[in-house]
Each structure stands twice: as structure tokens, then as C-alpha cells.
Amino acid sequence: MKPSASGTGRPFVGIGVLVLSSWALSGLDASGKWVMGAGVSLVVLCWVRYVVHLLLVLGLVLPARGAKVLRTKRPGAQITRGGVMLLATLSFFTTLRYLPQAEATAINFLAPLIMLAVAPWLLKEPARLSRWVAAGVGFLGVLIIIRPDAGLHPLGTLFGLLTACLFATQFIATRRLAAEDPFTTLLWSGAVGSLLLTVALPFVWPTIQPMLAALDAWQWMVLVSTGFWGALGHLLQIQAYRYAPASMLAPFLYLQIVSAATLGWLIWGQFPDPLTWLGIAVICASGVTIALVEWRSRKPA
């Protein structure tokens, strides 16, 4: 798992790996949505997702990188990011309980635009009109998706917008940890979420124990698979950024909407209508355009 000598010298491989990561993460979302429909509680779902994820990543990363990968120079920032990531996970799975997967995923893509819009204040980056315009256009796309006649559950819509804000906060926290090894950040985030959920589990055990006893083998397999898909998706993302620069990969992140829509259609028969696809297209166009603008502004003259 050591980076290549060139670091980002295989862009097409990076794009391919990133696309695979989007399918893995959509698999995580679909598995979580499915088991919640089978009666699994939010706390149990997130606990299994985090613990299995952490064990898999530890099993893969520790033998290759050694215990030094666990050391961080900024434990406070890592704990903060891990806490925000847990809140975002709880919020997004709540969104998936009420909204189709494609719409929930599309609303999430407002997060990087929010992060860029507030970067001048929180990250001390230069203020750019292009970022605010992109955020405004992206929000217009969200408004098209959540329009009153779309039939989306109001609570799901509210949690979707909350999730986008939490993911934006997570992105900001990640930017502040840019100097850290990405595997260190991945492990710390998993450890923080696992610990907090493990502490919470005894308080809800009397209510969840009968539910767990009622799950059959297939439901248990899908539940455990949430940790597998999460670990695979994040590991593939890290690998993608080792093959290609972030500026080149940014537009391809939006392909996750395709995988989310495909799985939502195959599993639940939920497919976005034309107006929703218009909103999705507006969000994607806004994100891709600002990614290209940011890339050109950083490109050496």
C-alpha cells in the first residue's frame, strides 16, 4: 500500500478505481437502507458498519504499514472529525429511511459546494465569486429535487439537508488534516465512531435484543456487508488519489449518483422522474464546473 514513485502518474487507473469506490459506497447505502427496512435499528446498523469497517481496515493496513500508522500529530482534530463523521453517518442513514437512494445521494453532493463557499472564513482560503455561484446553482438543483410536488418525505428532506451540512463540516475537518497519512485519518475516524457507538449500545440493548434475535442469516449477512462495502469504498478512494490528482478525479465523484440510481431502481423500483434528473444534472454540472475552475486556477502558468 505504499504510494507509487510518481504519486499521481496513472490517471486512467485512478478514475477507474474511483468509479469502483462509488459502486462500493452505493452498496453500503443500499445495504443499510435494506436492513433498516427489515427492522434493524439505526444504532445497530451504524455500530456494525463501523466495527466491521474498522476491523477490516486494521487487518489490511497494520500488516503493511505497521503500528506507526496509528500515530497522529493532531489527536484532537482526529477525534473531532470522527465525531462529525459519525453524526453524518447517523443523519444520512436516517435520510435513506425516508428518501429514495438516488435523491438522498444527490442532496449529499451539495456538501462540497457548501465547503468551498465557506472556505474563506473557516479555512482562510481566498474568497472567490465562482465558489459562491457554484454553491447557489447547486442549491437550486437541490430545490428542484425537493420541490413540493416531488412527493419526498419532509423529514427525509430535512435530514438530507442536515447531512449535506455535516458532510461539508467533515470535508473541512479533513482539509485541516491534509498533512496526516490518509490511512491514519481513516483508522481514527473508524475508531472514534466504533467507540462512541459501543458506549451507547448498552443503553438501547433491551430494545434491540429481540430485533437482533429475529434476524435470519440473509439479513445478518447484508447487515455485516455494510462494514465491508464501507471499508472497500474508502480504501479504493484512497488508492484512487494515489494514482491521479484530486483535481482530475473531482468530476468523476458525481458518478456515484448513477450507481445510487441503478441500485435504487434494481432493489426498490425507485427511479428519479425527469424533473428530479434535471435537479441532479444541475448539481453535477455545478460541481464539475467549479472543479474545473479550481483546477485551472491552480494550474501553473
Engineer: Among Leu186, Leu58, Val57, Thr184, whose side-chain contact (heavy atoms from CB on, under 4.5 Å) with Val69 holds?
Structural biologist: Thr184

Engineer: Can you measure from CD1 (Ile114) to CZ (Arg131) and round to the nearest 0.5 angstrom?
Structural biologist: 14.5 Å

Engineer: Using modelled atom types only, decide if a donor and an acceptor are shared between the side chain of Ser91 and the backbone of Leu87 within a distance under 3.5 Å.
Structural biologist: no

Engineer: Which atoms form the tightest heavy-atom contact between Leu275 and Ile144, and what is the distance?
Structural biologist: O-CG2, 3.2 Å

Engineer: Does Lys33 reach the main-chain N or O of Leu99 with its side chain, forming a donor-acceptor pair under 3.5 Å?
Structural biologist: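 Present.
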
Engineer: Contact between Asn108 and Gln256 at the side-chain level, heavy atoms closer than 4.5 Å - yes or no?
Structural biologist: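 Asn108 does not reach Gln256 side chain to side chain.
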
Engineer: Without swapping roles, check the side chain of Gln219 against the backbone of Asp216 for a donor-acceptor pair under 3.5 Å.
Structural biologist: yes

Engineer: Once side-chain hydrogen bond (donor to acceptor under 3.5 Å, both in side chains) is applied, do any residues pair with Thr185, and if so which ones, sequence neighbours excluded?
Structural biologist: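 For Thr185 the side-chain hydrogen bond (donor to acceptor under 3.5 Å, both in side chains) partners, ignoring immediate neighbours, are Gln78.
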
Engineer: Following the transitive rule for hydrophobic clusters with a side-chain heavy-atom cut-off under 4.5 Å over Ile, Leu, Val, Met, Phe, Trp and Tyr, establish whether Leu56 and Leu20 coincide in one cluster.
Structural biologist: yes

Engineer: Please give me the minimum heavy-atom distance between Ile208 and Val44, naming the atom from each residue.
Structural biologist: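 Minimum heavy-atom contact is CD1-CG2, 3.3 Å.
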
Engineer: Please say yes or no: joined through hydrophobic side-chain contacts below 4.5 Å, possibly via intermediate residues, are Val142 and Phe109 part of one cluster?
Structural biologist: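 Hydrophobic grouping puts Val142 with Phe109.
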
Engineer: If I compare all heavy atoms of Ile280 with all of Ala106, which pair ends up nearest, and what's the gap?
Structural biologist: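 Nearest heavy atoms, Ile280 then Ala106: CG1-CB, 3.7 Å.
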
Engineer: According to a hydrophobic-cluster definition based on side-chain heavy atoms being under 4.5 Å apart (Ile, Leu, Val, Met, Phe, Trp, Tyr only), do Val224 and Leu45 belong together?
Structural biologist: yes

Engineer: Other residues, nucleotides and ligands only: do more than 12 of their heavy atoms fall within 6.0 Å of CH2 on Trp23?
Structural biologist: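 For Trp23, atom CH2 is crowded (more than 12 foreign heavy atoms under 6.0 Å).
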
Engineer: Where do Arg128 and Val293 land on the side-chain contact (heavy atoms from CB on, under 4.5 Å) test, with the steps shown first?
Structural biologist: CA-CA 11 Å; Arg128 292 176 182 160; Val293 169; over 6 Å; no

Engineer: Going by heavy atoms in the side chains, are Asp29 and Leu96 under 4.5 Å from each other?
Structural biologist: yes

Engineer: For the CZ atom on Phe252, are there more than 12 heavy atoms of other groups (residues, nucleotides or ligands in this structure) within a distance under 6.0 Å?
Structural biologist: no

Engineer: Between Thr276 and Asp273, do the side chains contain an N or O donor and an N or O acceptor separated by less than 3.5 Å?
Structural biologist: yes

Engineer: Can you check whether Ser286 reaches Phe139 side chain to side chain, under 4.5 Å on heavy atoms?
Structural biologist: no

Engineer: Decide yes or no for Tyr243 and Ile15: does some side-chain heavy atom of the first lie under 4.5 Å from some side-chain heavy atom of the second?
Structural biologist: no

Engineer: Taking all heavy atoms of Tyr50 and all of Ser189, pick out the closest pair and write down the distance.
Structural biologist: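 Tyr50 and Ser189 have their closest heavy atoms at CE2-O, 3.7 Å.
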
Engineer: State whether the side chain of Thr105 and the backbone N or O of Ile257 hold a donor-acceptor pair below 3.5 Å, judged by distance alone.
Structural biologist: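 No; zero donor-acceptor contacts below 3.5 Å.
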
Engineer: Looking only at atom types and distance, does a side-chain atom of Trp132 sit under 3.5 Å from a main-chain N or O of Ala117, one as donor and one as acceptor?
Structural biologist: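 Side chain of Trp132 to backbone of Ala117, a donor-acceptor pair under 3.5 Å: yes, one is there.
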
Engineer: To the nearest 0.5 Å, what is the distance between CG on Leu110 and CG on Leu161?
Structural biologist: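 Interatomic distance, Leu110 CG to Leu161 CG, rounded to 0.5 Å: 7.5 Å.
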
Engineer: Please work out which of the three classes, parallel, tilted or perpendicular, describes the rings of His153 and Tyr98, given edges at 30° and 60°.
Structural biologist: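 Tyr98 vs His153 ring planes: tilted.
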
Engineer: Please tell me if the side chains of Phe93 and Leu28 come closer than 4.5 Å, counting only heavy atoms from C-beta onward.
Structural biologist: yes

Engineer: Relative to each other, are the rings of Trp34 and Trp218 parallel, tilted or perpendicular (30° and 60° limits)?
Structural biologist: perpendicular

Engineer: Considering all heavy atoms of both residues, which atom of Ala231 and which atom of His53 are nearest to each other, and what is their separation?
Structural biologist: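 The pair with the smallest heavy-atom distance is N-ND1, 3.5 Å.
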
Engineer: Measuring from atom CG of Leu54 to atom CG of Leu187, what distance do you get when rounded to the nearest 0.5 angstrom?
Structural biologist: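 Nearest 0.5 Å value for the CG-CG distance: 6.5 Å.
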
Engineer: Say whether Leu55 and Trp47 are linked into one hydrophobic cluster, either directly or through other cluster members, by side-chain heavy-atom distances under 4.5 angstrom.
Structural biologist: yes

Engineer: For residues Leu235 and Leu232, determine if any side-chain heavy atom of one lies less than 4.5 Å from a side-chain heavy atom of the other.
Structural biologist: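 No, side chains not in contact.
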
Engineer: Measure the spacing between CG of Leu90 and CG of Leu197 and express it to the nearest 0.5 Å.
Structural biologist: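 Output value for this atom pair is 6.5 Å.
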
Engineer: Supply the atom-to-atom distance Leu152 CG to Thr157 OG1, rounded to the nearest 0.5 angstrom.
Structural biologist: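 So the gap between those two atoms works out to 5.0 Å.
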
Engineer: Under a 3.5 Å distance rule, please check whether Ser194 uses its side chain to pair with a backbone N or O of Ala191 as donor and acceptor.
Structural biologist: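 Absent.
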
Engineer: Less than 4.5 Å apart, any side-chain heavy atom of Pro100 and any of Trp268?
Structural biologist: no

Engineer: Which atom pair, heavy atoms only, marks the closest approach of Phe183 to Asp181?
Structural biologist: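 For Phe183 and Asp181, the tightest heavy-atom pair comes out as N-OD1, 2.8 Å.
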
Engineer: Please confirm whether the backbone N or O of Arg176 pairs with a side-chain atom of Arg74, one donor and one acceptor, at under 3.5 Å?
Structural biologist: yes

Engineer: Honestly curious: do Val48 and Leu86 fall in one hydrophobic cluster under the side-chain, below-4.5 Å linking rule?
Structural biologist: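 In one cluster with Val48: Leu86, yes.
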
Engineer: Would you say that more than 12 heavy atoms from the other residues, nucleotides or ligands in this model lie under 6.0 Å from the CH2 of Trp277, or not?
Structural biologist: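 Yes - once you tally the heavy atoms of other residues, nucleotides and ligands closer than 6.0 Å, there are more than 12.
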
Engineer: Is the closest side-chain heavy-atom distance between Met211 and Val40 below 4.5 Å?
Structural biologist: yes

Engineer: Do the side chain of Thr226 and the main chain of Leu223 share a donor and acceptor less than 3.5 angstrom apart?
Structural biologist: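 Such a contact is found between Thr226 side chain and Leu223 backbone.
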
Engineer: Is the backbone N or O of Ser26 less than 3.5 Å from a side-chain atom of Gln101, with the two atoms forming a donor-acceptor pair by type?
Structural biologist: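 The answer is yes, because a donor-acceptor pair under 3.5 Å joins these two groups.
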
